[in-house]
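One is the number of the first residue; the rest follow in order along the sequence.
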Amino acid sequence: PVLDATVKYGYARGFNVNAVAQAEAVIAVHEMFRSPAILQGADLANASWAAGWTLQTAPWGQEEGARNIAEAVKKFAEQSPIPWCLHLDHGKNFDSCVAPSRGITSVMIDGSSLPFEENVELTRRGRSSTAHARGVSVEGELGVLAGGEDHVFAANSTYTNPLSAIEFFKKTGVELAISYGTMHGASKGKDVKLRREIPIASRSA
């Protein structure tokens with residue numbers, strides 16, 4: 001329902017939350033506007049939700065942190081009149097995508113730093129063995145976005161080849177995040193070179 005609304009009305013809305021107050025605020029503001037909400041907990045940042053762990057001591061607190069963020073979001077959202085979902089952002093390995101699936105409605109299995117076939121295998125294994133079997137939708141990533149987000153950093157974009165995107169989708173069956181010049185973080189238009197033909201070609205094929 002959340003994605004149906006974004007397609008129909010032409011907007012996208014998602015927030016990474018790293019504290020209980022942020023989760024509460026996102027839900028409250030979306031209720032004001034009667035808008036669906038997508039909340040995200042990035043794989044590394046989830047450690048900050050675990051007792052005694054910080055971003056500097058991750059990844060050991062990620063599993064506990066993922067459970068805590070799911071419980072916090074559920075507390076504020078389950079009585080809310082708006083549609084909402086909780087996404088695991090940039091799950092970097094098999095375990096991080098499997099363990100926190102309780103309370104999480106979708107996961108990104110981010111093998112974009114791996115060679116193509118290894119990325120396919122990680123994504124396919126995560127989809128078929130765990131998350132997808134539990135009714136959790138799965139997203140893969142192909143190509144590297146410039147900028148920084150938690151432990152994800154790259155100075156330059158590595159554009160997604162549309163033909164590789166097609167092959168990746170056929171082999172994994174997951175939703176797919178691609179790189180066509182967009183960036184992590186606030187780019188303010190600096191050094192952004194969008195290649196719109198890449199998503200157009202990928203979607204058309």
Engineer: Can you name the nearest heavy-atom pair linking Arg127 to Ile109, along with the distance?
Structural biologist: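 In this case the closest contact between Arg127 and Ile109 is N-CD1, 4.1 Å.
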
Engineer: Grab the two heavy atoms, one from Phe116 and one from Lys171, that are nearest each other, plus how far apart they are.
Structural biologist: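 For Phe116 and Lys171, the tightest heavy-atom pair comes out as CE2-NZ, 4.4 Å.
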
Engineer: Main chain of His90, side chain of Asp110: is a donor-acceptor contact present, judged purely on distance under 3.5 Å?
Structural biologist: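 No; judged by distance alone, with no hydrogens or angles, the pair does not exist.
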
Engineer: Nearest heavy-atom pair of Thr172 and Phe168: which atoms, and what distance?
Structural biologist: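 In terms of heavy atoms, the two residues are closest at OG1-O, 2.8 Å.
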
Engineer: Working to the nearest 0.5 angstrom, can you tell me the gap between Lys74 NZ and Gln79 CD?
Structural biologist: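 That separation rounds to 10.0 Å.
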
Engineer: Hey, are Glu167 and Lys170 close enough for a salt bridge, meaning a charged N less than 4.0 Å from a carboxylate O?
Structural biologist: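 Here Glu167 does not pair with Lys170 in a salt bridge, since their nearest N and O are not under 4.0 Å apart.
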
Engineer: With rounding to the nearest 0.5 Å, note down the distance linking CG in Asp89 to CG in Asn16.
Structural biologist: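 Output value for this atom pair is 5.0 Å.
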
Engineer: Between Glu139 and Ser106, is there a side-chain heavy-atom distance shorter than 4.5 Å?
Structural biologist: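 No, side chains not in contact.
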
Engineer: Treat each ILVMFWY residue as a node, draw an edge where side-chain heavy atoms are under 4.5 Å apart, and state whether Leu114 and Leu142 are in one component.
Structural biologist: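 Shared cluster, yes.
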
Engineer: Considering all heavy atoms of both residues, which atom of Met108 and which atom of Ala177 are nearest to each other, and what is their separation?
Structural biologist: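 Met108 and Ala177 have their closest heavy atoms at CE-CB, 4.1 Å.
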
Engineer: Nearest 0.5 Å, please: how far is CD in Glu121 from CD in Glu117?
Structural biologist: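 Between Glu117 CD and Glu121 CD, I get 9.0 Å after rounding to 0.5 Å.
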
Engineer: Please find the pair of heavy atoms, one from Phe169 and one from Val174, that lie closest to each other, and give the distance.
Structural biologist: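 So the minimum-distance heavy-atom pair works out to CD1-O, 3.2 Å.
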
Engineer: Got a second to check how far Leu176's CG is from Ser164's OG, nearest 0.5 Å?
Structural biologist: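 Separation between the atoms: 10.5 Å.
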
Engineer: Working to the nearest 0.5 angstrom, can you tell me the gap between Ile82 CD1 and Ile27 CD1?
Structural biologist: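 Answer for the CD1-CD1 pair, Ile82 versus Ile27, is 4.5 Å.
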
Engineer: Between Thr160 and Ala165, which heavy-atom pair has the shortest distance, and what is it?
Structural biologist: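 Residues Thr160 and Ala165, closest heavy atoms: CG2-CB, 4.1 Å.
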
Engineer: Do the side chain of Thr105 and the main chain of Leu86 share a donor and acceptor less than 3.5 angstrom apart?
Structural biologist: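 Indeed, once roles are kept as given, a pair shorter than 3.5 Å links the two residues.
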
Engineer: Go through the steps to decide whether Val17 and Val26 satisfy the test side chain to side chain contact (heavy atoms under 4.5 Å, CB included), and finish with yes or no.
Structural biologist: CA-CA 8 Å; Val17 292; Val26 169; 4.0 Å; yes

